[in-house]
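These notes are about the structure you will find just below.
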Amino acid sequence: MLSNGGEKRKEAAHTRTVLLFWFLFINVVAYLVMSDDKKRAKQRRERVPEKTLFLLAAIGGALGVLLAMNTKRHKTKHLSFRIGVPLLLLLNAVLYGYFLI
């Protein structure tokens, strides 16, 4: 039987694992959605709403959005994205750091 301290460490390790999985998952999704939007823009097809892209960034996928912005050269002329996504990345970093440490 685990002591109370052992149970808390086990629970903390589980929380870190879930958060790391979420971090990877949401950033891959954000990158893929942003990349797909760039492809749709080139093909003049229906686009992904900007609020969806910001929502993905806000819920933890700011790194994926930022990487796609720079690698795909997408939304880089929009001031709201040039300022908003890095700020959301900073917020993501603070929150991930708080919950992982």
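In this text the structure is predicted, and so the values were computed from the model without any measurement.
Heavy atoms only, all atoms of each residue included: Y31 and L67 are closest at CE1-C, 3.9 Å. Of all heavy-atom pairs spanning K75 and L53, the tightest one is CE-CD1, 3.9 Å. Contact between S35 and A68 at its shortest, heavy atoms only, is OG-CB, 4.3 Å. The minimum heavy-atom distance between N92 and G60, with the atom names listed, is OD1-C, 3.1 Å. Scanning both residues, V85 and F54, for their nearest heavy atoms gives CG2-CE2, 4.2 Å.
The cluster map of Ile, Leu, Val, Met, Phe, Trp and Tyr, joined by side-chain heavy atoms under 4.5 Å apart, puts V28 and V18 in different clusters. Put simply, L24 and I59 are part of the same group of oily side chains (I, L, V, M, F, W, Y) that touch within less than 4.5 Å, one to the next. The cluster map of Ile, Leu, Val, Met, Phe, Trp and Tyr, joined by side-chain heavy atoms under 4.5 Å apart, puts W22 and Y98 in the same cluster. Following chains of ILVMFWY side-chain contacts shorter than 4.5 Å, one can reach V48 starting from L55, so the two form part of one hydrophobic cluster. Cluster annotation: V94 and Y96 are assigned to distinct hydrophobic clusters (Ile/Leu/Val/Met/Phe/Trp/Tyr, side-chain heavy-atom contacts under 4.5 Å, transitive).
Rounded to the nearest 0.5 angstrom, R47 CZ and K39 NZ are separated by 14.0 Å. Rounded to the nearest 0.5 Å, atoms OG1 (T15) and NZ (K8) are 13.0 Å apart. Note that CZ of R9 and CD of E7 are 10.5 Å apart. Values are rounded to the nearest 0.5 Å. For the atom pair CD1 of I26 and CG of L19, the computed distance is 12.5 Å after rounding to the nearest 0.5 Å.
In this structure, D36 contributes its side chain and L32 its backbone to no donor-acceptor pair below 3.5 Å. The main-chain N or O of V33 is never found under 3.5 Å from a side-chain atom of D37 such that the two would form a donor-acceptor pair. A donor-acceptor pair is defined here as one N or O able to donate and one able to accept, closer than 3.5 Å; no such pair exists between the side chain of R40 and the backbone of R45.
For Q43, the CD atom counts as densely surrounded, since its 6.0 Å shell holds more than 12 non-hydrogen atoms of other residues, nucleotides or ligands.
Looking at heavy atoms from C-beta onward, F81 lies in side-chain contact with E50 at the 4.5 angstrom threshold.
Qualifying side-chain contact (heavy atoms from CB on, under 4.5 Å) partners for L89, counting only residues two or more places apart in sequence or in other chains: A62, L63, L66. Residues satisfying the side-chain contact (heavy atoms from CB on, under 4.5 Å) test with T17, not counting sequence neighbours, are none. Considering only residues two or more places apart in sequence or on other chains, L87 meets the side-chain contact (heavy atoms from CB on, under 4.5 Å) condition with I83.
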